[in-house]
Amino acid sequence: MANTALTKFSPAPAHNRAMNAIWHRSKPLGGSQHSGALAPATELFPEGRPTPDSNVATGSDWIAEFLHRVGAHRVFTLTGGACAFMVDAIGRHPGLHYDCFQHEQSAAMAADAVWRVSGRIGVTLATSGPGATNLITGIATSFFDSIPALHITGQVNQRESSAYHGAKVRQSGFQETDIVSMVKPVTKYAVMVRSVEELQRELPKAYALAMSGRRGPVLIDVPMDVQQAAADMVFDIPELTVPAAPAAEMLAPLARALREASRPVVLWGGGIGFAGVQAPVAEWLARAGLPFVSSWAGLTYFDHDHPGFLGQTGVYGNRGANFAVQNADTVIVLGSRLDNRQRSGNPANWACGAKVVVVDVDEEELRKYAHDGYATVHMDLAALPAVLDTLPLPTPSAEWTSYVHDLRARYLGREQSASAQRHGSLSPYEAIRRLNAAMADDAIVANDTGAAVCWAHQAFKVKQHMFFTSGGNSPMGYSLPAAIGAKLVAPQRQVVSFNGDGGFQLNLQELQTVAARGLDIAVVVFNNRSYGIIKQFQDSYLGSRYTASYDGYSAPDFGRVAEAFGIAYARIESLDQITPALFGRGPILIDVMLSEHTLIEPKLEMGRPINDQFPYLPAREYAEGNRFTPYPRPPAIELLADGGEANGD
């Protein structure tokens with residue numbers, strides 16, 4: 001994509017006194033890609049068609065320059081009539097780049113990855129109606145994971161809108177849709193602007209909200225008449241400041257818990273990395289000799305060789321990490337919302353013998369613990385480095401120190417696939433470890449959902465990698481667009497996309513984006529020819545009736561798919577085929593063949609605490625793990641543990 005140069009002119013009109021340059025309007029304007037036809041010129045240009053040599057800056061020009069000034073240099077789009085003026089302004093701006101996606105959902109998911117990888121806000125631009133509504137799954141993805149993103153949508157001219165006519169009709173203008181009302185529950189802020197003055201006030205406000213506090217996505221809906229209206233090129237860019245450290249009395253619950261702890265463990269949440277304080281927190285944990293576990297969102301923010309790290313925790317967690325949480329007398333939670341994938345569906349079974357202190361930026365998250373008896377500290381973790389040295393260091397008992405050391409040696413990095421062994425097929429855990437070793441130590445790895453994301457989080461070892469997924473919304477089809485977004489903002493780094501065969505199909509069309517741009521992305525598919533995580537659920541609770549997960553499910557020949565897109569393909573049937581040669585030679589689809597009976601191991605089943613996962617440990621090992629706090633098993637579980645036979649085969 002080429003950008004035209006700025007055109008100098010004398011700012012004669014009063015409203016342009018602050019502006020000394022605008023961009024050529026020289027590109028053809030098209031209709032929405034969803035409509036199949038151009039709207040009449042009188043609808044697209046109610047104030048008259050702009051001429052190529054116009055010297056008047058518009059709302060669209062102002063948006064483009066604002067994005068440039070806040071460092072959002074890439075805009076992800078699928079164009080359409082209602083956003084064409086804004087797309088044109090971005091295309092003409094010499095400091096911006098637009099990247100075309102095959103689906104707006106993919107653009108939103110790619111924008112989600114931009115901040116994770118670069119620390120800059122990701123931006124999408126979509127047309128009205130279906131273009132805007134297609135963004136919603138990606139917007140929700142960012143909202144639940146606290147990721148800032150800016151979504152700009154075009155809207156019909158206001159004089160064509162339902163509100164203008166004063167009647168409560170379903171729709172007046174072509175593709176008119178109230179996208180603001182639709183996305184309000186999954187955004188920090190959403191608004192339609194009705195004038196350039198509102199645009200100049202609301203866009204900086206939305207940006208500041210997205211990037212401060214508990215971050216999240218915002219949406220600005222811009223009618224076509226506002227896009228075309230004359231605009232002063234004046235800007236009031238909000239300053240983003242580091243929050244002050246909380247007062248000492250606010251930290252009292254945390255200080256008291258640390259002082260009194262003899263069996264402490266820290267739960268490292270994603271909020272530590274989101275606040276950018278991972279280095280001082282990792283140093284503090286090492287200096288204090290504190291053992292810690294991690295949520296999935298937190299796993300990417302430290303080297304997994306850290307001496308205090310016991311593993312990821314929760315429903316699919318490491319057994320040793322889960323034993324530590326369940327046997328601690330003090331659990332310090334830093335920047336995690338403790339969802340039911342961490343505590344299970346029954347929080348009363350979680351950390352039963354422990355005093356729990358939760359530190360979080362979101363007061364609403366803290367309020368939900370009122371009935372759990374947890375102590376809470378409301379603070380932005382960005383202020384944490386200023387208070388770490390003021391906190392007392394706990395004195396773990398010798399017995400606890402020995403216990404967590406034994407847990408780490410016994411369980412960390414030891415996940416095995418007994419189901420794969422029984423079927424003589426590849427173990428997903430061993431395949432992931434081979435891929436982990438074959439890729440660069442600072443590779444970016446975007447994960448999808450289902451069984452594939454569980455295997456990856458159980459087995460992948462982070463060094464300097466960026467390793468992430470959409471944890472809260474967890475939509476199928478996230479990984480490939482996220483990998484594209486990552487590669488576009490970090491082209492110098494190796495980028496890998498981990499997928500299951502089911503989830504991969506939801507945004508498979510973005511292989512065209514990869515191929516067209518020649519993006520060096522390795523797309524890995526863990527192919528068990530089914531929705532494996534649902535099959536395992538059906539094994540446990542639905543009599544192994546594989547309705548719609550295996551029976552009725554289908555997937556294409558991914559080798560032929562890769563060929564159709566002009567992408568290299570490798571079919572992996574043995575571990576020795578996984579080598580560094582797979583990476584760094586351009587886009588490739590790596591098809592890792594697994595048995596359809598491959599299970600997630602370990603995995604929590606309903607009604608059990610997180611330290612009693614399936615496949616069930618023998619009674620003696622289970623008792624050793626629960627050295628400090630008893631968690632009795634019902635007789636049926638004892639029988640399964642003694643039998644040692646896995647379900648689902």
Participant: Check this for me: does any side-chain nitrogen of one of D145 and R116 sit under 4.0 Å from a carboxylate oxygen of the other?
Facilitator: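 R116 and D145: salt-bridged.
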
Participant: Is the backbone of F498 close enough, under 3.5 Å, to the side chain of S479 for a donor and an acceptor to pair up by distance?
Facilitator: yes

Participant: Checking D225 against Q227 for the side chain to side chain donor-acceptor pair (under 3.5 Å) test, could you report, in this order, the C-alpha distance in whole Å, the side-chain angles of both residues, the deciding distance, and whether it holds?
Facilitator: CA-CA 5 Å; D225 49 303; Q227 297 174 38; over 6 Å; no

Participant: Is D372 salt-bridged to R343, cutoff N-O under 4.0 Å?
Facilitator: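 So D372 pairs with R343 through a salt bridge.
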
Participant: If we ignore hydrogens and angles and just use 3.5 Å, is the side chain of H151 paired with the main-chain N or O of I220 as donor and acceptor?
Facilitator: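 Flag not set: sc H151 to bb I220 has no pair under 3.5 Å.
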
Participant: Might you confirm whether atom CZ of R493 has over 12 heavy atoms from other residues, nucleotides or ligands at distances under 6.0 Å?
Facilitator: yes

Participant: What verdict does the salt bridge (charged side-chain N to carboxylate O under 4.0 Å, His left out) test give for E65 and R69, after you've listed the backbone C-alpha separation in whole Å, the side-chain angles of each residue and the deciding distance to 0.1 Å?
Facilitator: CA-CA 6 Å; E65 179 61 19; R69 292 190 181 206; 2.8 Å; yes

Participant: Under 3.5 Å, is there a donor-acceptor pair between the side chain of T77 and the main chain of C100?
Facilitator: no

Participant: Kindly say whether F274 contributes a backbone atom to a donor-acceptor pair with the side chain of R215 at under 3.5 angstrom?
Facilitator: yes

Participant: Give the C-alpha distance, both sets of side-chain angles, the deciding distance and a yes or no for side chain to side chain donor-acceptor pair (under 3.5 Å) between N473 and Y478.
Facilitator: CA-CA 10 Å; N473 201 33; Y478 172 80; over 6 Å; no

Participant: Charged N to carboxylate O below 4.0 Å: is that the case for R341 and D339?
Facilitator: no

Participant: Regarding E365 and R214, does a basic nitrogen lie under 4.0 Å from an acidic carboxylate oxygen?
Facilitator: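 So E365 pairs with R214 through a salt bridge.
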
Participant: Would you say P204 and D236 make side-chain contact, with heavy atoms under 4.5 Å?
Facilitator: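 P204 vs D236: side chains apart.
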
Participant: Any salt bridge between E197 and R201, counting N to O under 4.0 Å?
Facilitator: no

Participant: Could you please spell out the steps behind the salt bridge (charged side-chain N to carboxylate O under 4.0 Å, His left out) verdict for D99 and R517?
Facilitator: CA-CA 9 Å; D99 297 288; R517 298 296 301 270; 2.4 Å; yes

Participant: Do S106 and N507 get their side chains close enough for a donor-acceptor pair, meaning under 3.5 Å?
Facilitator: yes

Participant: Checking E510 side chain against H103 main chain: does a donor-acceptor pair fall under 3.5 Å?
Facilitator: yes

Participant: Is a side-chain N or O of K487 found less than 3.5 angstrom from the main chain of V514, in a donor-acceptor match?
Facilitator: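 Not at all, since once roles are kept as given, no pair shorter than 3.5 Å links the two residues.
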
Participant: Judged by atom type as modelled, is there a donor-acceptor pair below 3.5 Å linking the side chain of T469 to the main-chain atoms of N447?
Facilitator: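 The answer is yes, because a donor-acceptor pair under 3.5 Å joins these two groups.
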
